[in-house]
Each structure stands twice: as structure tokens, then as C-alpha cells.
Amino acid sequence: MVSQAKAPALAVVILGVLWVLFRSSEKRKDARITVGSPRTTGRSPRSPRSAGGQSPKLALSGSLRSRRRPLHEQVLDALSSALLSVTDLVQPKKKVVVDADPAAAAEASPEDDNKVCIYYGSQTGTAESYAKDIEDECKQRGIAVEVLDLETFSAQTFSQHKNVIMVVATYGEGEPTDNSRAFHDWIIKDAEPDCLKGMNFTVMGLGNTQYAQFNAMGALCEEKMQVLGANLFYERGIGDDNDDIDRDFEQWKSKGPLIEKICELVGGGAGEAQAAGGIPDAASVVAKLPLVIDFHDHEQDSVMATEDSVTDGGSTTLEKVFFALQPVTVSAVRELRQAPCQEQGLLTAHVDLDISNTSLSYCTADNADLLPENDPELVQWFAAALDAEAYLDRHMSFSVNEGVESAKKPWAPCTVRDALVRYLDLTQLPGKKVLMQLGAFLPCAEARGVLEKLLEDPEALKSLHAAEYQMSFREFWVVYLSGIEIDLSAFLQLCPRQKIRPYTISSSSKATPKTISITCSMVVTPLDKTSALAGKLADLEGRGMAPAGAAAKLDAARKYLGVASGYLTKRLVVGQTVLTKVATSSFRLPEDASKPIIMVSAGTGVAPMRAFLQEFKHTKRGGEAGKSVLFFGCTHKERDFIYEDEIEEALKMGHLSEFVPAFSRMQDHKIYVQDRVREQGAAVKDLLASGGRLYICGSTAMGNAVFGVLGELGLDVTQLRKDHVIIEEL
């Protein structure tokens with residue numbers, strides 16, 4: 001205990017320390033206000049001006065720090081608290097008695113019983129977005145709710161929950177997503193009997209029917225959680241990404257409907273849902289953002305201005321992936337087609353990535369998850385639309401928004417240009433939630449009304465996403481968001497994040513352990529359907545869901561160019577840096593080399609087969625090894641027979657036993673790879689009967705056609721896929 005005689009001296013010491021801290025914070029604040037900051041050099045991009053010409057930033061993100069309590073007030077509060085602490089030191093305190101029985105002191109709170117915990121296991125962000133949709137509905141009913149990343153899973157905490165909703169995706173061949181691995185292992189191996197007794201739960205499982213173990217994670221949750229004592233209060237939902245997963249999710253929610261069942265469960269939130277209110281106002285959108293982003297001419301200034309309360313790591317599934325990627329150098333790029341034609345989209349690139357200066361490693365035919373880059377022309381267009389061209393090469397600093405204690409950076413420190421190029425999805429038309437938030441920044445009430453009416457009709461909005469129309473983000477911006485006045489900080493936080501693209505590695509880790517090879521064809525679709533989209537917009541205009549003259553705003557020539565394929569086949573050059581990581585693949589050669597293997601591929605689906613051929617060459621496969629057969633399909637031997645030289649060398653050296661090509665355009669009638677499999681049906685069955693494996697890689701249509709042929713041959717395709725005798729990457 002501090003004596004009363006020493007208390008004044010201690011108070012002086014504390015005041016002195018706080019004064020030093022105060023002066024340091026003032027210097028830090030001065031360092032933040034740099035020449036490049038919109039707050040000192042003029043208005044931030046698209047910040048609306050008042051009639052007097054002044055930039056009113058009160059409702060927009062550039063002013064958020066100015067709305068905080070002044071620093072001198074915060075320091076005075078700290079001084080007062082310090083003095084009170086000194087007083088506490090010299091006054092005797094009452095003894096606090098702690099119950100010796102922890103169980104008696106840990107009675108469950110009624111509030112916890114009425115809380116809903118929504119866990120998500122997500123690889124690409126879909127499960128996370130669905131979890132947040134359910135959260136929004138619960139909040140509208142006044143229900144206590146929390147969304148939790150399964151990455152934070154704790155068995156002890158999880159077992160204490162009373163009401164749980166699991167939104168979980170299945171990755172690849174029945175695997176859990178990266179963030180739900182710990183939960184998966186716990187529930188199948190370590191969970192104690194009856195540990196979930198008293199819990200109510202439901203599951204929304206996401207998957208893809210292309211895979212044999214479709215929706216395995218959702219089914220596992222439903223089964224194991226009931227075995228452990230939990231009660232399934234609402235039937236499991238099944239979402240199929242091969243069809244219409246958004247529709248599946250909405251139909252699952254509406255069956256009960258889910259929100260009403262939740263209300264019954266927690267004994268609250270009864271009655272009609274609170275009105276969502278349509279498009280919100282800009283101030284409320286900005287107030288809910290976690291960050292304030294400022295802009296600086298120099299990287300060092302941005303580092304100094306970033307608050308300690310903003311840490312690395314990303315706050316969403318996709319942002320977390322950004323921090324897991326590593327920069328690798330492009331060591332080689334070559335065109336594989338015999339007759340390439342960029343105008344027609346007939347390009348196929350072989351790309352070598354040097355991983356020698358990274359911590360990356362891989363196994364033959366693993367997946368390389370690449371982050372594509374947006375077309376520079378598209379980036380420039382959005383910069384102009386945002387009135388942010390002068391900010392492209394400025395560096396960003398991050399600080400927490402008012403009322404936010406801590407936050408995560410969405411990406412590593414970079415310029416605005418880097419963020420637009422790499423981290424934002426500027427191509428795909430965003431979903432309803434993002435469009436609602438962007439609509440808040442439309443200054444014209446009439447334009448907001450039209451957009452709101454469109455967004456209130458799920459089918460109308462969905463039609464613009466459909467392949468028949470394939471409206472891009474840019475086109476939607478031109479038609480519906482023209483004249484938007486949005487702060488650059490807000491746009492950077494609201495815009496959807498870019499997704500990584502998985503490519504099956506076309507190299508052998510034994511032959512080239514420090515080089516990852518990628519094989520990619522340009523994906524370009526001429527949309528000779530301007531009239532179709534124009535007709536759709538005219539229909540929407542007649543229903544009050546599109547502005548007048550919307551169709552006239554479309555470009556005359558429309559085409560869809562894949563973001564990743566355009567990046568890899570058109571713009572990538574030796575020496576550039578690509579952000580990537582490695583993920584495991586289902587493609588693995590048999591450990592027993594005496595077992596035969598059958599490889600079926602078309603186009604760039606030959607990538608893992610090329611990796612196998614590299615490995616055969618490196619290990620000098622032949623002699624006692626099992627028979628190896630490669631089926632390969634393309635249009636013409638003299639146009640797009642990729643890796644022709646390597647296949648012929650493998651045949652000549654005996655590493656490949658047999659090659660069966662299918663050149664679809666070299667004769668009067670088309671011949672596809674599935675036709676060749678049918679012709680060789682008896683041999684295929686014999687090889688599988690002798691313990692062989694069948695690998696299939698290519699388009700979904702090709703894969704399904706091959707499955708059909710195998711079924712015609714009397715093979716149980718479903719069982720063979722489950723037994724991993726047939727392994728596919730489609």
C-alpha cells in the first residue's frame with residue numbers, strides 16, 4: 001500500500017509521464033497530416049461540396065476522425081483517472097470474497113440462452129456472406145446474434161452455446177474449408193459424448209455436385225452434432241454451386257421460415273420484422289465502416305499515420321487470403337497454340353513461376369491459387385468515375401472509425417492503384433447488399449428510387465447477373481450509379497474483394513521443385529446480345545426499375561473477358577510479380593507404380609497430365625510400371641495441340657504407353673474425347689479392373705460426358721468416385 005505521505009509525489013510523477021505521452025501523441029498527429037492527405041490538400045475524391053464551396057465532410061469518411069472527442073479532452077480524462085487511482089491507493093479497499101466453488105459462480109446468463117451464434121466455414125466468402133445475411137435478419141427482429149469465423153473455434157466455448165447456426169462449405173473432395181479444419185477434426189475425433197447436450201442447431205451446407213462428396217461438411221455437421229446431443233431445430237439446407245446456390249439458400253430460409261423458428265427458439269423477436277428501410281443514407285453507411293482510409297504522397301507517411309489499433313490479417317475470408325499469398329516471380333511465359341489469335345480469344349499460355357525465394361512448396365499436380373489483376377484500362381475507368389485519378393499513386397493509411405476499438409487492414413500497405421488492380425473485384429456485378437450501400441451515395445432522389453425498386457425485386461436483379469445478359473459492374477455503374485458522389489475511403493471498403501483463381505499445377509515437384517507451372521487459356525465470350533440486354537433494360541424501365549434511356553448507355557460491342565485468363569495470357573511478362581499460394585489437390589499418382597493409370601483431358605485440362613509426364617520422365621517410368629494411357633481432346637492437330645512435343649517425347653521414351661487423341665474439327669463429323677473413351681471402352685474397363693485409376697480434367701461438360709460413357713460401359717461411376725478410383729478436377 002502507498003502511504004499518504006508519498007501519494008502527492010506519486011501523483012506528480014504520473015502527471016509528468018502523461019504530459020510526455022500527450023506531447024508524443026501531438027507529434028504523431030502532426031506526422032499524419034501530410035501533403036498527400038485529402039484533409040489538407042483539398043476535398044477527397046467525390047466528396048460533395050456545400051453551396052458555399054466548402055467541403056462538408058461531416059457525414060463522410062474523411063471527417064470521421066474530426067468527429068472524435070478532441071485529444072486534449074481525452075488527455076484530461078486520463079489525468080483525472082490517474083489522480084483517482086492515486087486516491088484509491090491511499091484508501092483502504094473492501095475485501096472482495098470470491099466463491100470457492102467455480103461452478104456456483106458460473107451460472108448461465110438468460111441473455112446467453114437467447115443469443116444465436118452463427119458459425120461459418122468458408123473458402124471463397126459465400127458461406128460468410130450467408131451467415132451475415134442471417135445476422136441481419138436476426139438484428140431486424142431485435143435478436144441477440146453473433147457471427148463467428150470457425151477459424152476462432154474453441155471446443156469449450158462452442159459446447160456452451162445454446163443456439164447455433166452452422167453455414168459450412170465443402171472444399172474439393174469432401175474436405176473442410178481451411179478455416180474449419182480444427183472444428184472438423186474435433187467433431188470426428190476429440191469431442192466428448194453428450195458435450196452438445198442442450199444445444200439447438202441447424203445447418204446450411206454448401207457444395208458443388210461436380211464432386212462425389214457433395215456437401216459432405218454439411219452432412220457431417222448434421223450427423224455428428226446430433227450424436228453429441230444437440231437438437232436439430234430446423235432441417236439442413238443444401239446449396240449447390242453447380243446450379244443456383246443463392247436460390248437454394250433463399251429457399252432454405254423461407255421453408256420455416258427460418259427467422260420465425262429462431263424467434264420461437266429464443267422466445268423473443270416475435271411479430272413483424274422491422275422495416276429494412278430500403279437504401280440507407282450515406283452518413284449511416286459510413287458510420288458503420290470499420291476504418292478511415294487516408295492518402296499520402298509517401299509510403300513512410302502512410303506507415304506513420306496508420307494506427308496501432310489497426311492490425312494485419314484481414315477481417316473477411318477473402319481479405320485473410322490476401323495476407324496468406326506470397327509474391328513469386330514470373331520466370332517464363334510462352335504461347336502453346338500452333339495458331340494463336342488474340343482477336344478471337346485463341347490464346348493458351350504456359351507460365352513458369354519461380355518460388356525459390358519463398359517458403360512455398362508443392363506436390364505434383366497440386367493447385368496454385370493465383371490472385372489475378374484487373375485490366376489497367378478498367379482500373380483507369382473506375383478511377384475517373386470516382387474522381388480519384390490524382391490519388392492512384394498515393395499510399396493508404398488506416399485508422400479506426402469512430403466507435404470502433406480495433407480493426408484489421410483489408411490488405412497489406414500499398415497504393416490506391418495497387419488496391420484497384422489487385423484487391424477489388426471491378427468486373428463482377430455486386431450483390432444486393434453492396435448495391436444498396438453504393439446507392440446511398442446517389443445525390444438524386446429519383447435515381448435512388450429507381451435503384452431501390454430494382455433491388456427490392458430479387459428476380460429482376462438476378463436476371464442482370466444471368467449468363468444471357470451478363471451485365472458487368474462497369475455497365476451497371478453507367479446505367480444506375482451515374483453521378484454517384486462517394487468518398488474514395490468508403491468505396492475501397494464497400495467494393496467486393498477479388499477472389500483467387502485455382503489452377504492445377506502443370507509441373508512435377510520432383511522434376512522442378514522450385515518452379516510452378518501454370519497452363520491457362522483465354523476465356524472470352526463475345527456478347528452479341530447487346531440487343532438482349534437492351535431489351536431487358538427497356539422492360540425494367542417500363543416497370544420503373546431502370547432509368548430513362550438506360551439501353552442507350554450500353555457499349556455497341558460487348559464481350560466478356562475472363563479477369564484471370566486475360567491477365568495470364570495477354571499481360572503477363574517475365575520479371576513480373578504474381579501473388580499466389582499452394583493448395584492440395586485430389587490428383588495424386590498411385591504409390592504403387594505397377595498400377596495402370598488412365599488420363600482423360602481436353603484443352604488446358606491436360607495440365608495435371610503434363611505434370612505426370614514430367615514426373616514419369618524424371619523417375620524414368622517404364623519397364624515394370626503399369627500401363628499409362630492419355631486421352632486428349634482439342635479442335636485441330638495444327639492449331640491447338642498443346643504440349644505436342646512433350647507428349648510425343650514421352651511416347652518415344654516409353655514413359656507414356658499409349659496416346660489417344662480426339663481432334664474434333666479435323667473431319668466432317670466432330671469427335672470428342674468421350675467418343676474415344678467409348679471406342680476404347682473394353683480396354684478402360686480392363687485397366688480399372690486390374691487396380692487402375694482414372695483421372696479426368698477439363699470442362700464440366702466434358703467430365704459429365706465421360707461419366708455418361710463410363711455408365712454406358714456398366715461401371716458404377718458414383719461408387720468409383722467415392723472410392724477415389726475415378727478422380728476428377730472439373
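This is a predicted model, so every value here is computed, not measured. Quick note: numbers below take in every heavy atom, side chains included, and nothing from hydrogens, waters or symmetry partners.
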Check the pair Asp369 / Lys499 against salt bridge (Lys or Arg N to Asp or Glu O under 4.0 Å), numbers first and verdict last.
CA-CA 10 Å; Asp369 293 339; Lys499 293 182 179 180; over 6 Å; no
Using atom types as modelled, flag every donor-acceptor pair under 3.5 Å from a side chain in residues 341-351 to any protein atom, sequence neighbours excluded.
| from | atom 1 | to | atom 2 | distance (Å) |
| --- | --- | --- | --- | --- |
| Thr348 | OG1 | Arg337 | NE | 2.9 |
| Thr348 | OG1 | Ser521 | OG | 2.6 |
| His350 | ND1 | Tyr643 | OH | 2.6 |
| His350 | NE2 | Asp352 | OD1 | 2.8 |

Determine whether [X] and [Y] make a side-chain contact, defined as any pair of heavy atoms from C-beta on separated by less than 4.5 Å.
| X | Y | answer |
| --- | --- | --- |
| Thr515 | Ile355 | no |
| Val725 | Leu694 | no |
| Ile647 | Leu656 | yes |
| Leu424 | Pro496 | no |
| Ile727 | Arg693 | yes |
| Phe631 | Phe659 | no |
| Arg422 | Leu371 | yes |
| Lys408 | Lys320 | no |

Donor-acceptor under 3.5 Å ([X] side chain, [Y] main chain):
| X | Y | value |
| --- | --- | --- |
| Gln338 | Asp640 | yes |
| Arg501 | Ala564 | no |
| Asn242 | Asn208 | no |
| Ser506 | Ala611 | no |
| Ser657 | Ser628 | yes |
| Thr170 | Ala216 | yes |

Does a donor on one side chain sit under 3.5 Å from an acceptor on the other, for [X] and [Y]?
| X | Y | result |
| --- | --- | --- |
| Asn374 | Tyr567 | no |
| Thr317 | Gln123 | no |
| Ser586 | Glu729 | yes |
| Ser508 | Glu615 | yes |
| Tyr362 | Ser507 | yes |
| Ser129 | Thr126 | no |

Return the set of residues passing side chain to side chain donor-acceptor pair (under 3.5 Å) with [X] (not counting sequence neighbours), or none when no residue passes.
| X | answer |
| --- | --- |
| Asp645 | none |
| Glu175 | Arg181 |
| Asp244 | Lys462 |
| Thr316 | none |

Determine, using ring centers only, whether Phe641 and Phe632 are less than 6.0 Å apart.
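Centroid separation for Phe632 and Phe641: below 6.0 Å.
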Before we go on, tell me: are the rings of Phe612 and Tyr695 under 6.0 Å apart, centre to centre?
yes
Side chain to side chain contact (heavy atoms under 4.5 Å, CB included) test vs Tyr120 passes for just one of Leu206, Asp149, Leu150, namely Asp149
Checking side chain to side chain contact (heavy atoms under 4.5 Å, CB included) against Val673, which of Val709, Val600, Ile696 comes through?
Val600
Yes or no on salt bridge (Lys or Arg N to Asp or Glu O under 4.0 Å) for Glu319 and Lys409, after CA distance, side-chain angles and deciding distance?
CA-CA 8 Å; Glu319 289 176 358; Lys409 297 174 189 174; over 6 Å; no
Any chance you could measure Phe382, atom CZ, to Glu377, atom CD, to the nearest 0.5 Å?
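One finds 10.5 Å between CZ of Phe382 and CD of Glu377.
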Distance check, rounded to the nearest 0.5 Å: Thr364 atom OG1 versus His618 atom NE2?
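So the gap between those two atoms works out to 9.5 Å.
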How about Asp312: does its CG atom have over 12 heavy atoms from other parts shown lying under 6.0 Å from it?
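Above 12, so yes.
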Using the side-chain hydrogen bond (donor to acceptor under 3.5 Å, both in side chains) rule, collect all pairs that involve residues 714-728, keeping only residues at least two apart or in two chains.
Gln719-Asp723, Arg721-Glu728
Carboxylate-amine/guanidinium proximity below 4.0 Å for Arg676 and Glu679
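Salt bridge: yes.
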Using 30° and 60° as the class limits, which term best fits the ring planes of Phe322 and Tyr423: parallel, tilted or perpendicular?
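Ring orientation of Phe322 relative to Tyr423: tilted.
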